[in-house]
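Chain letters run A, B, ... following the sequence lines, proteins first, then strands; residues in each count from 1.
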Protein chains: 2
Amino acid sequence: MPEDRLSTTLSALADPTRRAILARLSLGEASVGELAEPFEMSLPAVSKHLKVLERAGLISRGREAQWRPCRLEAAPLRDVNSWLDSYRRFWEEKFDRLDAYLQELQKVDPDAEKN
Amino acid sequence: MPEDRLSTTLSALADPTRRAILARLSLGEASVGELAEPFEMSLPAVSKHLKVLERAGLISRGREAQWRPCRLEAAPLRDVNSWLDSYRRFWEEKFDRLDAYLQELQKVDPDAEKN
DNA sequence: TTTCTAAAAAACCTTTCAGTTAAATAACCT
DNA sequence: AGGTTATTTAACTGAAAGGTTTTTTAGAAA
């Protein structure tokens with residue numbers, strides 16, 4: 001159902017195993033077996049996770065003999081980042097307000113932290 | 001089973017209806033009915049989406065008479081942004097390579113764009 | 001050719017998800 | 001009290017997610 005690209009990307013990222021795989025791939029190419037090694041999970045399960053990542057364009061796969069080395073493809077992450085950008089001001093604003101509040105506290109009772 | 005925060009956030013965001021709700025809330029507080037209005041979807045369905053967003057900490061809800069106004073809470077988005085940060089160099093690197101390629105093209109055939 | 005290894009596909013199971021309709025809550029307004 | 005409005009809860013459905021084991025495919029090596 002989530003036919004739009006951003007939904008596909010985000011739901012691919014919404015799984016800790018898949019994020020761990022991406023983290024591993026950020027260190028360099030790896031085969032399916034190498035990627036599966038840290039997980040207490042069958043190989044086909046990892047293979048499925050890789051297919052999800054591939055469908056989302058987050059990885060690509062080559063062929064070398066009987067291995068299919070995976071590599072990270074960051075373009076969809078950039079798209080997530082762009083989407084996030086339109087909300088950046090909200091968390092920055094929040095921080096500013098907290099900052100202002102803390103300054104206000106200091107003004108009213110500069111020695112509060114000593115108690 | 002104890003789902004990590006980032007996974008909860010990302011899977012909440014992986015739905016276009018929920019992202020549309022957040023986009024609406026970025027314009028200001030709104031009641032459930034107001035939020036539901038643009039969608040061809042029953043009200044309980046929207047109510048469920050709101051519960052998902054609330055569980056993810058992406059919205060908070062007040063009480064005003066029979067209305068429950070929702071407002072955007074951006075902190076989890078900041079966390080997504082932080083996570084993304086460690087991958088930023090990958091898409092920027094990619095861009096650099098494209099840039100280098102384009103410069104190479106110009107060097108080899110400086111008049112290509114005139115054709 | 002046979003055999004080993006890497007990976008994917010198939011078939012299946014269970015849980016979660018996104019939606020529905022119908023009923024319950026809660027606060028306001030006569 | 002009784003009725004209207006806003007929202008949630010309950011009960012149900014169908015489809016998708018995430019895992020399993022078993023079977024295929026593909027290439028390397030013997």
Side-chain angles (χ1 to χ4, degrees), chain A residues 1-22 24-25 28-72 76, chain B residues 1-25 28-72:
Chain A
M1 254 244 244
E3 203 63 36
D4 67 296
R5 222 150 156 67
L6 193 51
S7 295
T8 303
T9 302
L10 289 167
S11 79
L13 295 175
D15 182 287
T17 302
R18 289 193 289 263
R19 288 198 307 280
I21 289 172
L22 293 183
R24 166 64 186 80
L25 289 178
E29 281 196 5
S31 70
V32 178
E34 287 168 339
L35 290 172
E37 200 268 322
F39 301 106
E40 286 182 356
M41 187 185 301
S42 70
L43 226 117
V46 173
S47 190
K48 280 189 182 180
H49 281 302
L50 292 174
K51 194 176 331 193
V52 172
L53 290 169
E54 191 176 30
R55 272 202 64 237
L58 285 160
I59 67 170
S60 61
R61 293 197 256 193
R63 284 206 175 203
E64 260 178 61
Q66 65 257 228
W67 293 273
R68 274 127 189 121
C70 302
R71 61 183 159 292
L72 182 63
Chain B
M1 275 287 216
E3 183 104 18
D4 63 295
R5 265 194 82 60
L6 193 51
S7 295
T8 303
T9 303
L10 288 167
S11 80
L13 295 175
D15 182 288
T17 302
R18 289 194 287 262
R19 289 198 308 279
I21 288 173
L22 293 183
R24 167 64 186 79
L25 289 178
E29 281 196 6
S31 70
V32 178
E34 286 168 341
L35 290 172
E37 199 267 322
F39 301 105
E40 287 182 356
M41 188 185 299
S42 70
L43 227 116
V46 173
S47 189
K48 281 189 181 180
H49 280 302
L50 292 174
K51 197 186 302 203
V52 172
L53 290 170
E54 191 176 29
R55 272 202 65 237
L58 285 160
I59 65 170
S60 61
R61 294 197 253 191
R63 287 209 173 200
E64 262 178 60
Q66 66 256 226
W67 292 273
R68 256 133 264 192
C70 302
R71 63 184 157 292
L72 182 63

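- Here the closest non-hydrogen pair linking B/Glu34 and B/Pro38 is O-CD, 3.6 Å.
- Checking D/dT8, D/dT9, D/dA28 against the side-chain heavy atoms of B/Ser47 singles out D/dT8 as nearest.
- Summarising the geometry, the separation between CE on A/Met41 and C1' on D/dT20 is reported as 12 Å, rounded to the nearest angstrom.
- Of all heavy-atom pairs spanning B/Glu29 and B/Pro69, the tightest one is OE1-CB, 3.5 Å.
- The nearest heavy atom of DNA chain D to A/Asp15 and to A/Trp67 marks one nucleotide each, and the one closer to the 5' end goes with A/Asp15.
- A/Arg63 comes within 4.0 angstrom of no nucleic acid atom, judged by non-hydrogen atoms across all strands.
- For A/Gln66, the listed nucleotide lying nearest its side chain is C/dA6; candidates were C/dA6, D/dG18, D/dT8.
- Of the candidate nucleotides C/dA8, C/dA11, C/dT21, C/dA11 has the atom lying nearest to any side-chain atom of A/Lys48.
- Proximity of A/Lys51 to the phosphate of C/dA7: no side-chain N or O atom is located under 4.0 Å from OP1 or OP2.
- Taking only side-chain nitrogens and oxygens, A/Ser31 comes nearer than 4.0 Å to OP1 or OP2 of C/dA7.
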* Starting from the C-alpha separation in whole Å, work towards a yes-or-no answer on side chain to side chain contact (heavy atoms under 4.5 Å, CB included) for A/Leu13 and A/Leu22. => CA-CA 9 Å; A/Leu13 295 175; A/Leu22 293 183; 3.5 Å; yes
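- Taking atom CG on B/Leu50 and atom P on D/dT8, their separation rounds to 7 Å, with Å as the unit.
- To the nearest angstrom, C1' of C/dA8 lies 13 Å from CD1 of A/Ile59.
- The interatomic distance linking A/His49 (NE2) with D/dG19 (C1') rounds to 8 Å, in whole Å.
- Across the interface with DNA chain D, nearest-nucleotide mapping of A/Pro44 and B/Arg61 shows B/Arg61 to be the residue nearer the 5′ end.
- A pairwise comparison of heavy atoms in B/Ala30 and B/Leu25 identifies N-CD2, 3.8 Å as the closest pair.
- Out of C/dA8, D/dT20, D/dT8, the shortest distance to the side chain of B/Arg68 is found at D/dT8.
- A straight line from CD1 of A/Ile21 to P of C/dA7 spans 13 Å, rounded to a whole angstrom.
- Among the nucleotides D/dT20, C/dT20, D/dT7, the one closest to any side-chain atom of B/Ala45 is C/dT20.
- The CG-P distance, from A/Leu43 to C/dA9, rounds to 13 Å in whole Å.
- Going from atom CZ of A/Phe39 over to atom P of D/dT20 covers 13 Å, rounded to whole Å.
- The two atoms that bring A/Pro76 and A/Arg5 nearest to each other are CG-NH2, 4.4 Å, heavy atoms only.
- Regarding contacts with the backbone of D/dG19, every side-chain N or O of A/Ser42 stays at 4.0 angstrom or more from both OP1 and OP2.
- For the pair A/Leu13 CG and D/dG18 C1', the interatomic distance rounds to 17 Å; values are reported in whole Å.
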